[in-house]
Amino acid sequence: MSVTRRTATNVLLDTALKNFYGAAEEMRLSEDLIAILGNSERRLEVSVPVEMDDGSIHVFKGYRVQHSTAIGPAKGGIRFHPDVDVDECEALAMLMTWKCSLAGIPYGGGKGGISCNPQVMSPKEKERMSRAFAARIAPIVGTWKDVPAPDVNTGGQEMVWFMDTISKMHGQVEPGIFTGKPISYWGSKGRTAATGYGVATCGLELLKVVGKDPKDIRVAIQGFGNVGQYTALTMEEAGAKVVAISNTRGVYYSPKGIDIKKALAYIEEHPRERLEGFTCDGCEKIDDIVSLDCDMFFPCALEGVVNAKNADQVKAKWIVEGANGPVTPEGDEILDKRGIIVVPDFLANSGGVIGSYFEWAQDLSGYFWPEDEYNKRLMHIMKGNFKLVWDYAQSKKIKMRRAAFMAAIQRVADVVRLRGVFL
Ligand code: NAD
């Protein structure tokens, strides 16, 4: 069967489809499998009526897309943002399929959200909206069907509202349907640090395979939030010199190395200033971190920060993508030509979803692990996944991003083939 390739007006979905078709063709995946995996199993749109604080009713639009449940329940976040639409959800659901597959965890890919502006809503309005949305998607989510998690503008509180609503509908506690819950209510120790810890683990594994000692390495970290902070801390603990950290307030640079524990303590003492006013030995504020002279660069803030305009100025030899999509496809091509190795986002930041899997596993057994157990298991999986992608890339003489894509697609395709067409 010859398949017409799908295209989309939504840029994110169009890119996700192009990336999939490109990798699938290079792998010589059969046209039947391309047809199955190039489409989503389910694209659900729901109306979410909410009584606002002034007594008026506003009907929001919500979505949940399940791209694939071939390997297991769909997994992926729920975001609250004005730009959310069904195509964006489908693109992100597809990426979740590949991310979970590469991570080697028993999930497919899903994503959802509500088109809304949570910044202008009161906590009570957000609660009513979250509960109404949970009730609307209840028929298709479940411990063994689809397990959502936090995403942009959602967190532990929203997960509790979702879980509580569905638990009430089912007449029993349902901890396995949502992950990212607070530790006090079926959440897991270790989750906060998981993504950054995994990102740094990839950086350290890369140094191992290229034969470098972390003690000889200068590191720069863009973004000093959840991912950046734990990446910085783990790299420092491994002996690397963190010469720059940055946030929206600027880039803090010291050739002597920044004491990360001191920076974290500063943030704790001055939560509103972020890093404004922070100083250290030899510290100065500089303009740009992307072109900084360092060995390993961790972009852990935003998408598209290394692009066609600045990729030729990158001085780092290695980039580990903590954020989602920090290197554009054009930037990637330039880096590749210059021999700069990039550890792709859906390998490097998969510690977050692996951590969600650990939470789900603990909820199912009703037995919670100590934090060191969590970290030990996370590190074991991250190291194995890094090796898988590195070896695949070396054997096929391709870059790590393409290798990660191909390995991920292959695993899903193998399961579809095993299970047959009627999934
Ligand atoms: P966060 O909000 O905790 O931190 C983001 C940091 O980036 C903040 O320090 C902010 O000041 C900084 N920042 C924003 N704009 C910047 C700019 N222009 N220059 C420099 N710094 C800037 O977010 P996070 O949870 O650390 O997530 C960061 C990235 O990692 C996002 O792309 C997110 O999608 C991705 N990610 C996060 C997780 C997770 O578990 N937190 C998992 C996978 C992927």
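Computed over heavy atoms, backbone and side chain alike; hydrogens, waters and symmetry mates excluded. For ligands, and for the atoms within them, numbers begin at 1 and follow the listed sequence.
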**Q.** Side chains of E90 and S40, donor plus acceptor under 3.5 Å
**A.** yes
Q. Any idea which residues sit under 4.0 Å from ligand 1, heavy-atom distances?
A. R191, T195, Q222, G223, F224, G225, N226, V227, S246, N247, T248, C300, A301, L302, G322, A323, N324, N349
Q: Examine F178 together with W186 and report whether their ring centres are nearer than 6.0 Å.
A: no
Q: Check the pair F405 / F346 against ring-ring contact (aromatic ring centres under 6.0 Å, His included), numbers first and verdict last.
A: CA-CA 9 Å; F405 239 108; F346 75 108; 5.3 Å; yes
**Q.** Aromatic ring proximity F133/F60, centre distance under 6.0 Å
**A.** no
(Q) For P299 versus I319, what's the shortest heavy-atom pair and its separation? (A) CD-CG2, 3.8 Å
Q) Would you say S68 and E41 make side-chain contact, with heavy atoms under 4.5 Å? A) yes
